[in-house]
> 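The structure that follows is given in the form of structure tokens.
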Amino acid sequence: MANLINLEQVNKSFGINPLLENVSLGVQEGERIGVVGLNGGGKTTLLEVLTGLEPPDSGRVSRVGGLRMAVVTQRGVLPEGATVGEVVLAGLAEDQMTDGVAEHEWASNTRIRTVVEGIGIADLGMDSLVGNLSGGERRRTALAAALVRDLDLLVLDEPTNHLDVEGVQWLAEHLVARRSALIVVTHDRWFLDTVATRTWEVQGGKVETYEGGYNDWIFARAERSRQADASEARRQNLARKELAWLRRGAPARTSKPRYRIEAAEALIANVPAPRDSVALASFARKRLGRVVIELEDATLATPDGRELVRDLTWRLAPGERVGLVGVNGSGKTTLLRALAGEQELKSGRRIEGQTIQIGWLRQELDDLPLDMRVLEAVQDVAMRTMLGDKEISASQLAERLGFTPAKQRTPVGDLSGGERRRLQLTRILMSEPNVLLLDEPTNDLDIDTLQQLEDLLDNWAGTMVVISHDRYLVERICDTTWALFGDGKLTNLPGGITEYLKKRAVIASAAAPKSATANSSAAATDSATYRAARKELSKLERSIQKLDEREAKLHAALADAAATPDELIALGTELEQVQAEKEAAEERWLELADL
């Protein structure tokens, strides 16, 4: 494969802060690279140097001749007087070296129509003026303008922001199906794991490379941490061991131990479940009482009278953790506002318990004191707070959410968007709410901060409702998932996000012009296939459990038969057969799980 872009000993700084130091790397044809790292750590700068938007301070950047590339960053500016259609098709016209693309030309192109519909541009209207669009709608328009083109390299900075769960899945499938290379900065861990074949971690001016996506990156980090801990332990024991060697004389030499990647799995062998749901629910009942927030026969409507939810009765329980999903415009934020008491019901009533204290994370960043420093803004809420059964200070909580002691002295007005989002979260948690309403909490947060937030919420005892397009977060911190499908109802989804996407696919196929017979036949086939797959899955799970037990017994028997060679051979042969059966069963289980 040919290299598209090469960086050789590149350095880049802003002020006295070095973001890239002697970085050398390359991008090959067809490679899909996910870029991760802390906010402000240099991810966007790396993209801009790679693509030529920013020159390096030193070093060399080389690109293959005739490289067809599109870049969608958070700093992109669209022409105010243009229409959505003109922006989306401008790059296409440039590729074809024409003045424009006629409507009948692009409307007959399946690839362009798929992008326009998949990214939600069709809902905006191709004739809508860019000047009238919101920030999220502009980002989707710029993204669509890049996706409709036939490119060698596509460079995207946080493309999943402002997309719903369905949009994120569509984008991931689209990018995997493309032939072009990809570089993407993202905090969406499911998206990263699905799309990336390689991961770059930007940290301390360096760029570390890893094979695979999010799971492989986390595994590699765990192994690196294990090796670092082992190295530190060896360093601390060096003097004592050296003294013992001198006093006893040189002992017999043995070969050095071989560290294998499987050793990292020992790090998680005894890790308990993320949270004790029973204990947290019991504690939550003591804090909240029996009544939390209830909506009875509630109807919610938009200002123009369009009903979003009709006759809804919903009672949040103490300690309940709810993930709320739905397409953009289905009423998720409106429902959250109704729970908070800031949205007037068209009909019905809202009941709130006497001990309720709500912490509400809005999408807007308009509730921060810009004239204070970070630590002052946190201490303005409270000096100390309880998280689970532990009391921590304002400074400690701020540090857990990524504000170092030096950063805590920074004026709030000088913070980036991601840092302001973290400060919002810190202030809300400092107020000791017993009901958390989180509206897109992952926007502008890096992966390390998301992991810290999830760790904090694991020990938080209270009722929580989370709106998020980040399916990893929803599945990680929520116990139940509810959805708005635009039918005026709130639907419980025992199968979580996976069930939501299946139902959305059924709704979409039902809306397509198909014959009733074809629909009935397809539904019957899908239902029969699903039932058969579930039945075989259950059978395989029982089989794998039995093979696990047999494997453990064989390992124990091998240890007991250490002095009997013949028995060792027989047991070893049987163990190999059991492991082969187990591997085959697990592969089949994965195939059925995907189905």
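We're numbering straight along the sequence, starting at 1. FYI, side chains are in, hydrogens and waters are out, and symmetry mates aren't considered; it's all heavy atoms of this structure.
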> Any side-chain heavy atom of L143 within less than 4.5 Å of one from V115?
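Side chain of L143 against side chain of V115, heavy atoms only: no contact under 4.5 Å found.
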> Which residues pass the ring pair (Phe, Tyr, Trp, His ring centres under 6.0 Å) test with W360, not counting sequence neighbours?
none
> Report the distance from atom CG of L163 to atom CD of E158, rounding to the nearest 0.5 Å.
11.5 Å
> Please list, one pair per line, the donor and acceptor atoms closer than 3.5 Å that link side chains of residues 188-196 to other protein atoms, with sequence neighbours excluded.
{"from": "D188", "atom 1": "OD1", "to": "W190", "atom 2": "N", "distance (Å)": "3.2"}
{"from": "D188", "atom 1": "OD1", "to": "F191", "atom 2": "N", "distance (Å)": "3.0"}
{"from": "R189", "atom 1": "NH1", "to": "E454", "atom 2": "OE1", "distance (Å)": "3.0"}
{"from": "R189", "atom 1": "NH1", "to": "E454", "atom 2": "OE2", "distance (Å)": "2.9"}
{"from": "R189", "atom 1": "NH2", "to": "E454", "atom 2": "OE2", "distance (Å)": "2.5"}
{"from": "D193", "atom 1": "OD1", "to": "Y214", "atom 2": "N", "distance (Å)": "3.0"}
{"from": "D193", "atom 1": "OD1", "to": "N215", "atom 2": "N", "distance (Å)": "3.0"}
{"from": "D193", "atom 1": "OD2", "to": "N215", "atom 2": "ND2", "distance (Å)": "2.6"}
{"from": "T194", "atom 1": "OG1", "to": "W190", "atom 2": "O", "distance (Å)": "2.8"}

> Do you know which two heavy atoms are closest between P318 and V292, and how far apart they sit?
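Minimum heavy-atom separation between P318 and V292: N-CG2, 3.6 Å.
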> Between E294 and R349, does at least one N-O distance fall below 4.0 Å, as a salt bridge requires?
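Looking at R349 together with E294, the answer is no, because their closest N to O distance does not fall below 4.0 Å.
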> Is it true that a side-chain atom of R350 and a backbone atom of L339 form a donor plus acceptor pair closer than 3.5 Å?
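Pair found, side chain donor or acceptor close to backbone of L339.
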> Go through the steps to decide whether T313 and D297 satisfy the test side-chain contact (heavy atoms from CB on, under 4.5 Å), and finish with yes or no.
CA-CA 5 Å; T313 296; D297 300 322; 3.5 Å; yes
> On a heavy-atom basis, which atom in T449 and which in L401 lie closest, and how many Å separate them?
CG2-O, 4.2 Å
> Salt bridge or not for D164 and K332, using N-O below 4.0 Å?
no
> Taking the side chain as every heavy atom from C-beta outward, state whether L308 and L335 have any atom pair closer than 4.5 Å.
no
> Compare all side-chain heavy atoms of R178 with those of R32 and state whether any distance is below 4.5 angstrom.
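No - every pair of side-chain heavy atoms lies 4.5 Å or more apart.
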> Where is the tightest heavy-atom contact between L300 and A338, given as atom of each residue plus distance?
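Of all heavy-atom pairs spanning L300 and A338, the closest is CD2-CB, 3.8 Å.
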> Can you measure from CE (M464) to CG (L324) and round to the nearest 0.5 angstrom?
13.5 Å
> Tabulate below the donor-acceptor pairs under 3.5 Å that side-chain atoms of residues 484-493 make, not counting sequence neighbours, or state none.
{"from": "D487", "atom 1": "OD1", "to": "K489", "atom 2": "N", "distance (Å)": "3.1"}
{"from": "N492", "atom 1": "ND2", "to": "T481", "atom 2": "O", "distance (Å)": "3.3"}

> Can you give me the closest heavy-atom contact between R138 and L133, atom names plus distance?
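Shortest heavy-atom separation between R138 and L133 comes out as NE-O, 3.4 Å.
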> If a pair satisfies ring pair (Phe, Tyr, Trp, His ring centres under 6.0 Å) and one of its residues is in residues 305-358, list it, with sequence neighbours excluded.
W314-W482
> Taking Q357 for the side chain and S431 for the main chain, is one N or O donor matched with an acceptor at less than 3.5 Å?
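Looks like yes, one N/O pair under 3.5 Å.
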> Nearest 0.5 angstrom please: L415 CG to R422 CZ, how far?
8.5 Å
> Is there a side-chain contact between L450 and D470 in this structure, where contact means two heavy atoms from C-beta onward sitting under 4.5 Å apart?
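Contact flag for L450/D470 side chains = yes.
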> To the nearest 0.5 angstrom, please state how far the CZ atom of R290 sits from the CZ atom of R315.
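Nearest 0.5 Å value for the CZ-CZ distance: 12.5 Å.
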> Would R400 and T426 satisfy side-chain contact (heavy atoms from CB on, under 4.5 Å), going step by step from the backbone distance to the final call?
CA-CA 9 Å; R400 286 195 65 177; T426 308; over 6 Å; no
> Taking all heavy atoms of Y500 and all of A483, pick out the closest pair and write down the distance.
CD1-CB, 3.7 Å
> Between D458 and R321, is there a salt bridge with N-O shorter than 4.0 Å?
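Answer for the salt bridge query: no.
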> D446 and G37: which non-hydrogen atoms are nearest, and at how many Å?
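Residues D446 and G37, closest heavy atoms: CB-O, 3.2 Å.
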> Quick one: does V325's side chain get under 4.5 Å of I497's, heavy atoms only?
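The answer is yes, as the side chains (C-beta and beyond) meet within the 4.5 Å cut-off.
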> According to side-chain hydrogen bond (donor to acceptor under 3.5 Å, both in side chains), who are the partners of R306, at least two apart in sequence or on a separate chain?
none
> Kindly indicate whether the side chain of R427, heavy atoms from C-beta on, has any atom under 4.5 Å from the side chain of L368.
yes
> Answer whether the closest heavy-atom distance between the side chains of L445 and H187 falls below 4.5 Å.
no
> side-chain contact (heavy atoms from CB on, under 4.5 Å) between K502 and T498: does it pass, once the steps are laid out?
CA-CA 6 Å; K502 287 179 179 178; T498 302; 4.0 Å; yes
> For residues 434-459, which residue pairs qualify under ring pair (Phe, Tyr, Trp, His ring centres under 6.0 Å), counting only residues two or more places apart or in two chains?
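Every pair satisfying ring pair (Phe, Tyr, Trp, His ring centres under 6.0 Å) with a residue in residues 434-459: there are none.
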